Amino acid sequence: MAATRNKGEEAEVTGQVMSIFFQNPTNFFKIMLLHVDHISVPWTESEIVVTGTFGTVKEDDTLTCIGHLVNHPKYGRQFAADRYEQETPTSKSGLIAYLSDKQFKGIGPKTAERIVDRLGLDAITKIIKDPRSLAGVGLTQKVQDGFVATLKQTYGMERVMLQLNTWGIPSNLASMIYQRYQEETLTKLEEDPYRLVTDVTGVGFRRADEIAQSLQVLATDPRRLRSAISAAFNRLNNDEGAIYTQAPVLLHTAVNVLAQGVLHPTPPMAVLSDVLKDMVRERTVISEDGRLYLATYYEAEWQIASGLKKLHEADIDADWSQKKVHAAVTTVAKKLQVTYDESQVEALTTALTRPVFLLTGGPGTGKTTVIRGLIDAYADLHDVSLDPGDYTDTPFPIQLAAPTGRAAKRMSELTGLPAGTIHRLLGLTGRDPGELFKEPGPISAQLVIIDEMSMVDMFLFRQLIRAITPGIQLVLVGDKDQLPSVGPGQVFADLLASGSLPASYLTKIHRQAAGSSIVQMAHAINDGIIPPDLFNNQADRSFFAVSADQVPAVVGQVVARARDKGFSPLDIQVLAPMYRGPAGVTHLNDVLQEVLNPAAPDNPKEIVVGTTHYRIGDKVLQLVNDPEHNVFNGEIGRVTALTPAKQDTDHRDRLTVAFDETEVTYGRGDFNSITRAYCTTIHKAQGSEFPLVILPVVHEYGRMLERNLLYTAITRAEKLLIMVGEESAVTQAIHRPGARRATTLPQRLQTQFKTVPAQRAAQSAPDVNEAVAAELPEPPLTYQMILQHRIDPMIGMTGITPQDFLNATEDKEG
Ligand SMILES: Nc1ncnc2c1ncn2[C@@H]1O[C@H](COP(=O)(O)OP(=O)(O)OP(=O)(O)O)[C@@H](O)[C@H]1O
């Protein structure tokens, strides 16, 4: 259980470090015992335990810690320091004692005294500034080098941590910042405090603004305005999945970002748009026909288009006669006992003979059946073995991958071959956003098949394309009508929309067995048709009409009934589009946990994370990729063991989750990697299917009620679907096709595939720089054009102030 904080103002304690019980070398967290010289709150003992993030602190150092008294459930009252100040030795004897500390090898009290005699009380600053000031002290070069290095390291870090503390940065964040920039920290931040937003995870614009305030940066400083514009881009890229935006929208969003900062007043729009123009001129922002892109996004679209063109035009080892290909398809159909329909046959033959191929279709149209046939026919034509045992020294020639662990597992189950996540295929950890911007290593394969392509975002897809050497065949499979990726872009839909690559659309529904009414309904909804029996109960689906406030109770009852009928919690999946609200994921999880895994005398142990109580047996969802532990975003498991800190010898909370193939133990620092999973978002359920899906649909979900969301949700149901909620909310969703994301990948592909003659392009596809140059006029011209008429960000905005934007937003949202 976490320590509880005593309410009230900050407290301060000054004292000498008597002992350091614990220190974590990676994040500087320490637990120490201090002899109390002075304390600002009532305290009767002569010692106090202090916890927090500290730089190089050692026994006998004197510290002033600022923070709060807390009540630790097991260890009682202790002091949690948010920041601290360390007394530097100011007396001659103090300085000699400091310099003769054992951390400085080869410096004893005599030498230390000589140093202080020669250099005075500011000896440390002098030595750090210029090590040659030690000349004449009589140190050997080796001792001197070691001494200066240690001094720089310890004293330098100390200085940095103290300075960051005085800028109001809590110690744990200060240590992350120090780890990023090391001894250059202060210079870097003084140069531009806003670089933290991009460089250090967890620092947002507001925090950077606070530091900037300490550095006396002005509200109109261009560094600040640039950062706000970049943050506005990121917001639009992440919230709307957009690749580009228009100047008024961008500036509007940037004004909102600025308003959330601490520096005031918000600068005039003209100043902000001037900064945007500068960014365009310098090409950190690219302008094209009134669209604005962050350069990295613009480049990624071009790289995908040119990369695909290279793959599409490469020679592949598929010079078969039509007859031979048909024979292979016939053989495989016999073997798998399927009569492939016409589009399936076309899909198979194209996939076997073309370098890049796209396959899309709704549920039950036979995508998986085609993949299975493709693998067998490919193996037959190329005479390769499909027994993984035959590839102990060489890589398996067919690589199957999907964006989530669950989808990959399903792929493997349905094909009987190894399949993994795209992250694993590319050697990505999923934890470092920077890895998507490094050149990936090549994939070893002859044929790569990717399933659930609609979930793949632009940057992941670019890495995939970069990692596939021309000559490898690539087959991309998915349902283009499902929700687009969580990350920016809508790659799969765009690839199909471009018409540039060979593609097959499977439309015939083959899942005809009794109880296929879910699939039929899904197809109708996808076409924007309200099935006449939508709200009538069928063998495999039903609808409970209830008001929004009844949803949690009714969902709870339905789940209890399903459990009583023998469904395991892992087979029942409740889905909702958003976390907040009475019918949102968080509240439904509270309700469902009470139904399926309540606190009980025989299950008393709990770990509390925020407002969530975890117990043994809880169903949980992994939220991030963690290849190190072989567990991936979207996987569901159950808590099998749990040790609250007060019962643990190391005093740490620990929680173990069993997933299908692995068991992972989480410490408190990892708890944000999981969440309860009785109910999950529809986005997180993409790529997975469940025997029983329970789907609340209410107007409370607001703008999220769109056709592709409903379609994606109901297609998660393998056998049974129970919808609960408001009929009018369901029909509203069917009538609202999701908005197209702002992307230009189709145009890039069309440019790449149509304007450059095929033969020439195969030898040298233009690289992205050429492509960018071809699209953009030379810089002076661009700037002139922007200034004159092309994309004046102020178009139509004369006389409008930033405040008008804010009011407009409030009105819209209110
Ligand atoms: N040509 C066919 N003839 C008979 N049955 C078929 C044919 N194609 C597919 N099927 C059957 O239809 C069902 C659905 O096929 P499959 O699982 O391949 O579709 P899918 O598009 O991958 O569906 P989903 O996206 O829902 O997983 C399966 O039971 C499969 O055996």
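In listed order, ligands and their atoms are each counted from 1. Quick caveat, the model's predicted, so the values are computed rather than measured.
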Numbered in order shown, the ligand 1 atoms found under 4.0 Å of a heavy atom of G366 are 9 (C), 15 (O), 16 (P), 18 (O), 19 (O), 20 (P), 21 (O)
Is the H382 to W320 ring centre distance short of 6.0 Å? yes
Heavy atoms of other groups near D319 CG, more than 12 under 6.0 Å: no
When you look at H423 and F632, which way does the ring pair (Phe, Tyr, Trp, His ring centres under 6.0 Å) test go after all the steps? CA-CA 9 Å; H423 274 82; F632 297 89; 7.8 Å; no
Ligand 1 to Y340, heavy atom cutoff 4.0 Å, flagged ligand atoms 1 (N)
Assess E689 for proximity to ligand 1: is some non-hydrogen atom of it under 4.0 Å away? yes
Verify salt bridge (Lys or Arg N to Asp or Glu O under 4.0 Å) between D380 and K324, making sure each step is shown before the conclusion. CA-CA 11 Å; D380 180 15; K324 187 155 185 196; over 6 Å; no
For ligand 1, indicate whether the residue R410 contacts it via side chain, backbone, both or neither (heavy-atom separation under 4.0 Å). side chain
Contacting atoms of ligand 1, where contact means under 4.0 angstrom from a heavy atom of T339: 1 (N), 2 (C), 3 (N)
Set out, in order, the CA-CA distance, both residues' side-chain angles and the distance that settles salt bridge (Lys or Arg N to Asp or Glu O under 4.0 Å) for R541 and D533, then state yes or no. CA-CA 11 Å; R541 63 177 164 91; D533 61 359; 3.1 Å; yes
Quick one: does G361 get a heavy atom under 4.0 Å from ligand 1? no
May I ask you to list the atoms of ligand 1 that are less than 4.0 angstrom from any heavy atom of V338? 1 (N), 2 (C), 3 (N), 7 (C)
Do the rings of F535 and F543 sit parallel, tilted or perpendicular, given the 30° and 60° boundaries? perpendicular
Mark up the atoms of ligand 1 that fall under 4.0 Å of a heavy atom belonging to G362, in ascending order. 21 (O)
